[in-house]
Structures are given as structure tokens and as C-alpha cells.
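This report concerns only the one structure given below.
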Amino acid sequence: MIDFHTHPLLVEEMIARYPDLARIARDVFYIRNRAQPLETFLLELDVAGLERAVLLPIDTTRTRGCQIYSNEQIAELCRMCDRFIGFASVDPYRPDAPEVLARAVGDLGLRGLKLAPGIQEFYPDDRRFFPLYEKAAELGVPILFHAGMTWEPGAQAKYGHPSRFEDIAHDLPQLNVVLAHLAWPWVLEAAALAAKYPNLCLDTSALYFDNPRDFVRFAMAEQVPLTLWERSLRKQLLFGSNYPRVEVKNMAWAVRALGLSDDCQRLVFADNARRLLGEEQVA
Amino acid sequence: MMIKLTKLTVQTRRSQELVDVTDEVERVVAESGVGEGLVYVMTSHTSSGVLVTEGLECLERDVVAHLERLAPDQGDYWHNRYLDIDGRLGFNAGAHLKGVISGYFAYFPISGGKIVKGGRQRVYFAEYDGPLSREYYVQVIGE
């Protein structure tokens, strides 16, 4: 069981080593909760019934003058616990962005690419960035894009509209693309893309009002019919929490409370993630 | 007269649980050197509590279950909204309300250098929104 969407922003051990991470969490990513020992993160996974978590950085060097975790810091955290799966992030405007990704995968052992068009301020269908996407496809790693609205200050939702991802899914069918947060509020538009492009997945890490149980039900069973996930997109939906904006346990309980069948939940919580990570071929 | 404040931490391991901290409180009292006085135990988190009950696992479970009935985690609360002071949604009003019900501190007299309490009374740090690393305070006052 894997949480495909976490940000290790409040890990005390890393803040002790890199004090600026506290400011970055507070002012750039905009999460104001108290830092916790690494053990709390692992207990969160335990309470949620999950074994592993994908750790996501965001390279905001160009737009914010800092990195919301560097690739090296993600790799360092992964070395502290084998329950973590590290992703890289790259400033897509860098001329050497494909090479940076190749080094993160080849040298640091990172297993995917995280891009956040809102806070990195780029339109994902801009052709200038396709060499980076092509490198990810060549390396066999998925790209997880932030999609939809974001709480990060100054980051605009316009960069993350689902229509901005169609060229990527269409032109690079060998590349696995994940649109995070169900691309909320554009769930229907994101689902339409996923229905057409089998290389495009969505993750569940959406919480924008109410509580996780009620919001997830609204987004996944009212904005679109629940049968969409059960029948059409069961192999293209990944469980993600967006921890620490929401506790892993609360999102896990919310997704389980939807009433998806056991085999569909198995895909959502485990098999789909393992397939994207190259761990298992799912029929 | 002496007043001594000690900050302690506890790593909770479940979403809701009672953690028996009696031994820790007794240790702080003993180390304070106070013979006659009083001691307060206080949590500094509004989604937790400090309470006293009999030290039985069955009762611990009953307390947690009863508080969940009174203030369910998934209730319909005004707090279920985005809080820009935190950069995230609230939605843990159930935990806050449990803290209100159970209270945030406990008090005991100290006599002969020891806490005065019933033989079955235990002091608990009550976690309502775990797992988390939590802080609580023990203040010893006396001479």
C-alpha cells in the first residue's frame, strides 16, 4: 500500500540539518503546522494501513529563490528509511533540465519527476519543456504534475488546467503522467482525459473544503459518478494524501469510505502505483 | 516556596489513545524536592487533553469510545474549512471538542514528597488527533 503524494516538509530531523526548510515550509509551500519527528510520519502511514510513501520536492529556484526540498535532500531522507520512494524535481526552464533529471534518477536513485506548474509558473504544454518529458519517458519514470488549484501563495490555477496536459499524454504515449489532486475543481475534465489516454492517471489528494470524507465523496461521487472510477479508471487512479496538508489517515479513510470494490481499492492503493514505479506489471 | 516547570514530550502512536504518564509525573515531583505542595499537569495542545481515571485498559478504551460518541471525528462542524493560519483545512473539531470535554489539566496535592491520589487513579495524556509528538507541562509548587 502506497501513498503516492506526500511532502516531507515538517520532518524535524531534516529541519535540524537544513534550518531554511522551516521558512520554506512556512512561507513558500505555506504549511504552518509544527514540525514532527520522522517517527510521526511513519506512524501516520501505520495508522492509515500503508507501507510506503512517495516524497515530492518542488524546484522553485527560478520563481521563489529556493527549493522545496532539493533532490539531494529527498535522497538523504530516503536513505533514512526504506519506506520512502523519492521523486526528483527540476526547474523546467533550465536548459539542462533533462540532464538534471537523468542525474537524479541515475545517481540519486530517485524514481519519478514532480512538477508544479502553478508555483513553477509554466504552462505544461509549452513545447520548450518537451525534452524534459521525453527524458522522463526515456528513463522510464512517471511525471507527477500538480493540477488544479493550489494553496501555495502566488501560485495560479491557470497553469494546471487539465487541457494543458493533453498534448503531453497524446504526444508521449510511453510516458506515465499523473495529474495530482484530481485536478480539482476540474475533475470531470481530468477524468475525460484519463478516459481517453491510458497513460494519464489521477491521484486522490484533493481536499479544498469540508472534511476529507465529505470532500472526497463530493469530488469523486458527485462531480463525477463513482462508477467512473470503478468501471473505467480503476487502473488510472492512485491513492495520494497530500500530507502534511492533510493527515494520511484521514485521506485513506475518506477514499476507503467511498465504497469502491475491494479489487478496485487494491489497484488504487497499491497495484497502480507499483506499475508506475516499474515494480509490477498489472494485467 | 519553590515553583518548578518541566516540559515533557510524548510520542503518541494512534489516532486516539490514552497514554499513562503517571510515572513521569511522579518522577518530576520526586526530583523537585518538594515535600508539601501541589502539582499541575497540563497539555499545551487544543486537540488533546489531560484526564484522570482508573488504570485499566478496558476503561481506557471506554473513555476513548465515549468521547468519540460525544464528539465524533467526522461530525458536521463549522471548523470544517480552510484555515489560512495553518495553510490547510481544519476538520479536526471532533478532536478539539474531546479536549474541551476532558479538560486540559489535572491537579494533585503533594504531601511527604509524594503525590496524593487514590490508589487506582492514573494520570493520562489524552491524544485525540494522533499520531503526533506532543508536549505537556508539569508544574510543581511547594516547599
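None of the values given here were measured: they were computed from a predicted structure. The chains referred to below are lettered A, B, ... by the order of the sequence lines, with proteins before strands, and numbering in each begins at 1.
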Worksheet item: For chain B, which residues of residues 33-51 of chain A have at least one non-hydrogen atom nearer than 4.5 Å to it?
Response: A:N33, A:R34, A:Q36, A:P37, A:E39, A:T40, A:L43, A:E44, A:V47

Worksheet item: Do A:H7 and A:F29 have ring centroids that are under 6.0 Å from one another?
Response: yes

Response to the item:
Cut-off 4.5 Å, heavy atoms of chain A, and the answer for B:Q11 is side chain

Worksheet item: Heavy-atom distance under 4.5 Å to chain B: side chain of A:P153, backbone, both or neither?
Response: neither

Discussion item. Please classify the contact of B:D84 with chain A as side chain, backbone, both or neither, using a heavy-atom distance under 4.5 Å.
Written reply: both

Worksheet entry | Chi angles and distances behind the salt bridge (Lys or Arg N to Asp or Glu O under 4.0 Å) call for B:D129, A:K249 | CA-CA 10 Å; B:D129 197 16; A:K249 63 176 185 184; 3.4 Å; yes

Discussion item. Within the structure provided, determine whether A:H146 and A:Q120 are in side-chain contact (heavy-atom separation under 4.5 Å).
Written reply: no

Discussion item. Taking the ring centre of each residue, are A:F87 and A:F4 less than 6.0 Å apart?
Written reply: yes

Discussion item. Run the salt bridge (Lys or Arg N to Asp or Glu O under 4.0 Å) test on B:D86 and A:R26 for me, step by step, so that the C-alpha distance in whole Å, both residues' side-chain angles and the decisive distance to 0.1 Å come before the verdict.
Written reply: CA-CA 9 Å; B:D86 289 334; A:R26 186 182 64 245; over 6 Å; no

Practice prompt. Identify which one of A:L21, A:V11, A:I68 satisfies the side chain to side chain contact (heavy atoms under 4.5 Å, CB included) criterion when paired with A:Q73.
Written response: A:L21

Response to the item:
Turns out that what part of B:R13 lies under 4.5 Å from chain A's heavy atoms comes down to both

Worksheet entry | Mutual orientation of the aromatic rings belonging to A:F209 and A:F218 [parallel < 30°, tilted 30-60°, perpendicular > 60°] | tilted

Worksheet item: For A:F215, is it the side chain, the backbone, both or neither that has a heavy atom under 4.5 Å from a heavy atom of chain B?
Response: neither

Item to complete: Would you check if B:M42 and B:Y136 make a side-chain contact, meaning some heavy-atom pair closer than 4.5 Å?
Response: no

Discussion item. Ring-plane angle category for A:H181 and A:Y208, please: parallel below 30°, perpendicular beyond 60°, tilted otherwise.
Written reply: perpendicular

Discussion item. Report which part of B:I85 has an atom under 4.5 Å of a heavy atom belonging to chain A: side chain, backbone, both, or neither.
Written reply: backbone

Item to complete: Under 4.5 Å heavy-atom distance to chain B, tell me which part of A:N250 shows up: side chain, backbone, both or neither.
Response: side chain

